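Presented below is the structure to which this report refers.
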Amino acid sequence: MGQYDNEIRRRRTFAIISHPDAGKTTLTEKFLLYGGAINTAGSVKGRKTQKHAVSDWMEIEKQRGISVTSSVLQFNYNGYCINLLDTPGHQDFSEDTYRTLMAADSAVMVIDGAKGVEPQTIKLFKVCVLRHIPIFTFVNKMDREINDPFSLLDEIENVLGIHTCPVTWPIGAGKTFQGVYDRQTKNITKFYAKDAGQHELATSVVPLSDLEDAEKIIGQVPAEKLREDMELLDGASEEFDQEKVTRGLQTPVFFGSALTNFGVGNFLDHFLSMTYPPMARESDEGTVTPFDDRFSAFVFKIQANMNKAHRDRIAFIRVVSGKFTAGMEVFHVQGGRNLRLTQPQQMMAEERKIIDEAYAGDIIGIFDPGIFHIGDTLVDVGEKFRFGSIPTFAPDHFARVKQTDTMKRKQFTKGIEQIALEGAVQIFKELDAGMEEIIVGAVGVLQFDVLKFRMDSEYHVEIGIDMLPYEYIRWVENPEEVDVRTIQGTSDMKRIEDLHGEPLLLFVNPWSVRMVEERNPKLKLSEFGNMEEFR
Ligand code: G4P
């Protein structure tokens with residue numbers, strides 16, 4: 001027994017993923033409402049700002065002095081301490097969105113019932129699969145007409161390649177929505193639209209020892225439909241399997257309506273019972289469990305402040321084991337130095353709050369005087385193990401970037417390299433070329449505007465950006481076996497290298513990727529970079 005076991009055991013750390021507009025913000029808000037972290041719906045800022053144009057977004061960043069991009073919210077519910085990681089959507093979708101998933105132990109996927117699985121969900125989902133973390137599905141907007149629930153399950157299975165197991169099942173939808181049937185507790189939770197929204201909805205939970213009783217509660221026709229659906233489900237869908245859920249092979253599916261606050265409490269209760277305390281992590285000295293009394297953490301995100309007046313940077317760390325206390329001295333393994341962590345911060349409904357302590361599973365922001373890199377490990381003084389590095393995710397957008405004033409070569413290189421180190425963009429160059437003209441890759445297009453803005457305001461270099469048509473990047477896994485200069489390519493393929501001289505290929509479409517793989521059977525391509533286990 002470690003001395004912090006009780007605190008750690010009650011912790012759950014998860015991320016919410018969704019395509020924009022599926023209802024992630026609304027659901028987050030309802031979670032906070034349940035946890036008592038906010039008093040009324042509508043107080044989570046950021047929903048409106050997400051929909052602002054780029055220029056407004058910059059203004060918002062400046063005024064608030066803190067980024068509106070991903071944040072971490074902590075709240076208590078039923079004795080649990082929940083860390084909820086928000087993954088930004090819309091234009092501010094960036095590599096940070098992916099990295100956030102590296103700090104989560106499970107993910108909740110919100111799907112708009114009328115739209116099904118959408119592109120952004122697929123991308124984020126892939127990262128969860130890579131990590132083998134549990135994925136829970138919340139089919140939202142049941143108060144509106146939705147696609148047939150069976151087709152939705154098929155879609156999730158076919159598009160995402162994961163088995164589904166509905167835990168709740170909807171009775172009607174839109175105008176005829178009557179509630180959900182819980183297949184585990186065998187209760188019907190009735191939906192009453194009239195006092196929906198603000199607070200926990202008064203629902204009546206009716207135990208059903210036999211589905212025959214359903215008629216009395218929801219009427220004859222819907223009851224018959226429910227009975228049929230259950231027969232179909234019992235025969236066709238996989239049974240709930242905790243082991244498969246834990247390994248990310250089966251997703252428990254729930255139906256609800258975040259806006260009307262329906263199905264949210266039920267979801268939270270099931271979710272908490274189907275997930276475990278913080279995960280252990282691999283280090284170069286073996287597995288580190290959260291219950292290890294030694295403090296350890298890793299940096300998964302660095303956020304530079306856009307406000308010129310406060311040029312601080314915040315490094316977000318995930319505590320892997322032990323306890324963190326404000327002002328404690330830790331060893332920064334990659335920097336090879338001891339340092340004191342003062343002013344640790346936690347985000348609460350988008351506001352910074354200074355905290356005194358944190359435990360395994362928690363996420364905190366620490367002041368970064370420019371010494372941290374993504375993936376760095378912090379440990380108790382006297383220890384020196386390090387965690388595996390965080391992969392580089394494939395950018396989807398590429399542009400050629402050059403300085404307009406050629407006299408400012410040094411600042412240009414320094415600025416670009418610094419911003420790339422923070423992980424906002426990735427930089428590449430033509431094979432065997434210098435740094436005067438570079439190719440920048442970003443996960444979200446907004447990053448190019450951020451780059452231009454920051455190069456100008458922080459490094460006083462004006463840059464020109466020419467967008468390139470490439471959308472697919474592949475790392476060459478075996479450059480010692482295959483020389484990319486001589487492989488048989490396609491007309492739309494471009495050969496580039498990163499700053500370490502590692503070769504990469506850019507493509508306009510996925511067919512060319514396949515064609516190049518077919519033409520060069522020895523060539524091994526990868527969608528993720530830097531996957532080696534330890535740095
Ligand atoms: P996001 O964070 O995933 O982008 O989605 P967000 O929560 O902002 O929700 C997108 C829109 O969908 C919002 O409407 C929100 O009110 C609505 N919505 C969320 N959950 C439900 C639901 O269960 N049922 C219904 N009918 N609508 C839902 P909006 O008009 O774009 O914004 P607002 O004016 O309501 O703020």
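Since we're looking at a predicted model, the values are computed, not measured. Order of listing sets the numbers, starting from 1, for every ligand and every atom in it.
Within the listing of ligand 1, atoms 1 (P), 2 (O), 3 (O), 5 (O), 7 (O) sit less than 4.0 angstrom from a heavy atom of K24. Each of the atoms 3 (O) of ligand 1 lies under 4.0 Å from some heavy atom of S18. Distances below 4.0 Å separate heavy atoms of D21 from the following atoms of ligand 1: 1 (P), 3 (O), 4 (O), 5 (O), 10 (C), 12 (O). The distance from ligand 1 to the heavy atoms of T25 drops below 4.0 Å at these ligand atoms: 1 (P), 2 (O), 7 (O), 8 (O). Near P20, with a cut-off below 4.0 Å to any heavy atom, the atoms of ligand 1 are 4 (O). The S257 neighbourhood of ligand 1 comprises atoms 22 (C), 23 (O), 24 (N), with distances under 4.0 Å to a heavy atom of that residue. Close contacts between ligand 1 and R144 involve ligand atoms 26 (N), 27 (N) [criterion: under 4.0 Å to a heavy atom].
Side-chain contact, Y77 with D269: a donor N or O sits under 3.5 Å from an acceptor N or O.
Residue T260 has no nitrogen or oxygen atom sitting less than 3.5 Å from a nitrogen or oxygen atom of ligand 1, judged on distance alone. Considering backbone and side-chain atoms together, M142 places no N or O closer than 3.5 Å to any N or O of ligand 1. Between G23 and ligand 1, at least one N/O pair is under 3.5 Å apart.
Rounding to the nearest 0.5 angstrom, the gap separating the OG1 atom in T246 from the CE atom in M279 is 9.5 Å.
Between V440 and F398 the shortest side-chain heavy-atom distance does not fall below 4.5 Å. Here the side chains of F254 and N266 are in contact, with some heavy-atom distance below 4.5 Å.
Using cut-offs of 30° and 60° on the angle between ring planes, the pair F448 and H397 is perpendicular. Taking the six-membered ring for Trp and thresholds of 30 and 60 degrees, W169 and F150 have ring planes inclined between 30 and 60 degrees apart. Between F31 and F75, the ring planes lie parallel to each other; the angle is under 30°, not in the 30° to 60° tilted range.
For atom 19 (C) of ligand 1, the nearest non-hydrogen atom from the set I146, T26, I17 belongs to T26.
Under 4.0 Å from ligand 1, heavy atoms of L259 appear from its side chain as well as its backbone.
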#### Entry: Trace of the side chain to side chain donor-acceptor pair (under 3.5 Å) decision for Q74 with N83
CA-CA 5 Å; Q74 190 179 65; N83 290 300; 3.0 Å; yes

